Each structure stands twice: as C-alpha cells, then as structure tokens.
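Report on one structure; see the data block that follows.
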Amino acid sequence: MKVAIYPGSFDPITNGHLDILKRAARIFDKIIVLVAINPGKQSRFSTKDRVEMIKEATQDMPNIEVDSFDGLTVQYAKQKGATHLIRGLRAVSDFEYEFRLASANEFANASIDMVFFMARGDKTFISSSAIIELHKSGVDISPLVPESVIKRL
Ligand code: ADP
C-alpha cells in the first residue's frame with residue numbers, strides 16, 4: 001500500500017489545498033493530511049479546529065486521513081510507513097522555500113521523497129492568508145474555501 005503525507009499549516013484549508021489533495025489521491029492508496037503544530041508560529045485557528053475543518057471537507061474522500069503532529073514530518077512519515085511527502089507549488093517564490101525544505105527533509109531521512117503538484121491556473125493566488133485578508137475586507141470568499149471553513153469564520 002502506497003502511503004503519502006500531505007503536511008502543512010492549513011490555517012485554514014483552502015480549495016487550493018483540496019485540489020492538490022484530490023489529484024494526489026488518484027496516485028496514492030492513502031494520504032494523511034498532517035496539520036503541523038509549530039509553537040513558534042502564531043496560528044489563526046487552533047490545531048483542533050484546523051483538523052476538524054479538513055475532516056469535514058474530506059469526508060467524502062475514502063482514502064484520506066487527518067492528523068496533527070509537533071515533530072519532524074519525516075519522522076511521522078516513517079512511523080506511518082509513508083514513502084512520500086506531498087507539497088504544492090504556486091509561484092517561483094514557493095520554489096525556494098520548498099527546495100530548502102526538501103533538502104532538509106532529505107538530510108533527516110533520505111528514504112522519504114517529495115512529490116510536488118503545480119497549482120492549477122485558477123488556484124495560484126489562493127493562500128490561507130489571502131483568504132483571511134479578503135474576508136476581512138468584506139469580499140465573498142465562498143468560492144475559495146470549503147463550507148467547513150466558511151462556518152467557522
Ligand atoms: P506551510 O506553512 O507548511 O507552507 P500551507 O498550509 O501554507 O503550509 O501549505 C501547504 C502546502 O500546500 C505547501 O506546499 C503550499 O505550497 C501548498 N499550497 C497552498 N496553497 C496552494 C494552492 N492554492 N495551490 C497549490 N498548492 C498550494
């Protein structure tokens with residue numbers, strides 16, 4: 001069974017994240033969406049809320065699980081028997097960060113490889129922070145996030 005981890009802040013989950021997840025779910029038998037607990041990073045939503053929003057948004061997807069973890073993702077992946085980490089790329093600016101992250105992960109555990117999905121054209125501008133800004137300014141963001149997020153805003 002091919003298992004992959006999709007790690008991230010998901011603060012909150014967006015339709016950009018969900019698009020990557022749906023595409024990856026066609027390749028792997030099981031994907032664990034992993035909410036990273038980063039004590040050094042101020043989050044908008046609690047870990048529990050972030051997990052719940054993803055669970056609700058993925059309830060119709062049979063091969064998706066949701067979890068949270070406060071250690072290194074590659075260590076979590078090893079515990080779960082996962083072979084790949086999934087990430088998304090929106091712009092060249094994402095590349096630099098993702099490339100450094102991939103190198104650090106490789107140093108920590110070279111047997112776990114990373115798989116990248118290019119953001120779809122209509123989703124390249126979607127980020128958790130952009131959604132919060134648009135919402136604060138009164139823009140209707142319902143086409144950009146799942147219902148589970150709208151409910152909690
Ligand atoms: P992190 O803080 O770990 O970057 P995010 O929740 O911001 O967590 O993103 C998780 C992953 O999803 C990252 O690889 C990011 O590039 C990717 N991602 C976020 N939004 C999109 C999008 N609209 N299209 C494609 N990939 C995306």
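Keep in mind that what you see is a predicted model, and the values were worked out from it rather than measured. Both backbone and side-chain heavy atoms feed into the values below; hydrogens, waters and symmetry mates do not. Both counts, for ligands and for their atoms, begin at 1 and track the order of listing.
Between Asn105 and Ile112 the shortest side-chain heavy-atom distance does not fall below 4.5 Å. In this structure, the side chains of Ser128 and Thr14 come closer than 4.5 Å at one or more pairs of heavy atoms. Between Phe45 and Glu52, every side-chain heavy-atom pair lies at or beyond the 4.5 Å cut-off.
The atoms of ligand 1 that sit less than 4.0 Å from any heavy atom of Phe10 are 6 (O). Annotation for ligand 1: atoms under 4.0 Å from non-hydrogen atoms of Asp94 are 16 (O). Ligand 1 places these atoms under 4.0 Å from at least one heavy atom of Tyr6: 11 (C), 12 (O), 17 (C). Near Ile20, meaning under 4.0 Å from any of its heavy atoms, are these atoms of ligand 1: 25 (C), 26 (N). With ligand atoms numbered from 1 in the order given, ligand 1 contributes 13 (C), 14 (O), 16 (O) to contacts under 4.0 Å with heavy atoms of Glu98. Near Lys41, the atoms of ligand 1 lying under 4.0 angstrom from a non-hydrogen atom of the residue are 2 (O).
Between the side chain of Arg50 and the backbone N or O of Asp11, no donor-acceptor pair lies under 3.5 Å. Side-chain N or O atoms of Asn15 include one that pairs as donor or acceptor with a backbone N or O of Pro143 at under 3.5 Å. Checking side-chain atoms of Thr58 against main-chain N and O of Met61 turns up no donor-acceptor pair under 3.5 Å. No donor-acceptor distance shorter than 3.5 angstrom exists from the side chain of Asp67 to the backbone of Leu34, with no hydrogens or angles considered.
Between Arg87 and ligand 1, a contact under 3.5 Å exists for at least one N or O pair. Checked by distance only, ligand 1 and Lys123 come closer than 3.5 Å through their nitrogen or oxygen atoms. For Ser127, no nitrogen or oxygen atom sits less than 3.5 Å from a nitrogen or oxygen atom of ligand 1, counting backbone and side chain alike. Considering backbone and side-chain N/O atoms, Asp11 never comes within less than 3.5 Å of an N/O atom of ligand 1.
In Phe117, neither the side chain nor the backbone holds a heavy atom less than 4.0 Å from any atom of ligand 1. When heavy-atom distances to ligand 1 are checked against a 4.0 Å cut-off, Arg50 has no atom that comes that close, whether in backbone or side chain.
At the shortest separation from atom 24 (N) of ligand 1 among protein heavy atoms lies Ala119 CB, 3.3 Å. For atom 22 (C) of ligand 1, the closest non-hydrogen atom on the protein side is Arg90 CD, 3.6 Å. Ranking the protein heavy atoms by distance from atom 1 (P) of ligand 1 puts Ser9 OG, 3.6 Å first. Among protein heavy atoms, the minimum distance from atom 9 (O) of ligand 1 is reached at His17 NE2, 3.5 Å.
A salt bridge does not link Lys80 with Glu65: every distance from a Lys NZ or Arg NE/NH1/NH2 to an Asp or Glu carboxylate oxygen is 4.0 Å or more.
Not a single ring pair (Phe, Tyr, Trp, His ring centres under 6.0 Å) links His135 to another residue, sequence neighbours left out.
Residue-ligand proximity: Met118 is placed with every non-hydrogen atom at 4.0 Å or more from ligand 1.
Ring pair Tyr6/Phe10 is perpendicular by interplanar angle, where above 60° counts as perpendicular and below 30° as parallel.
For atom 17 (C) of ligand 1, the nearest non-hydrogen atom from the set Gly88, Gly8, Ala91 comes from Gly88.
Of the listed residues (Lys22, His17, Arg23), just one forms a side chain to side chain donor-acceptor pair (under 3.5 Å) with Asp19, and that residue is Arg23.
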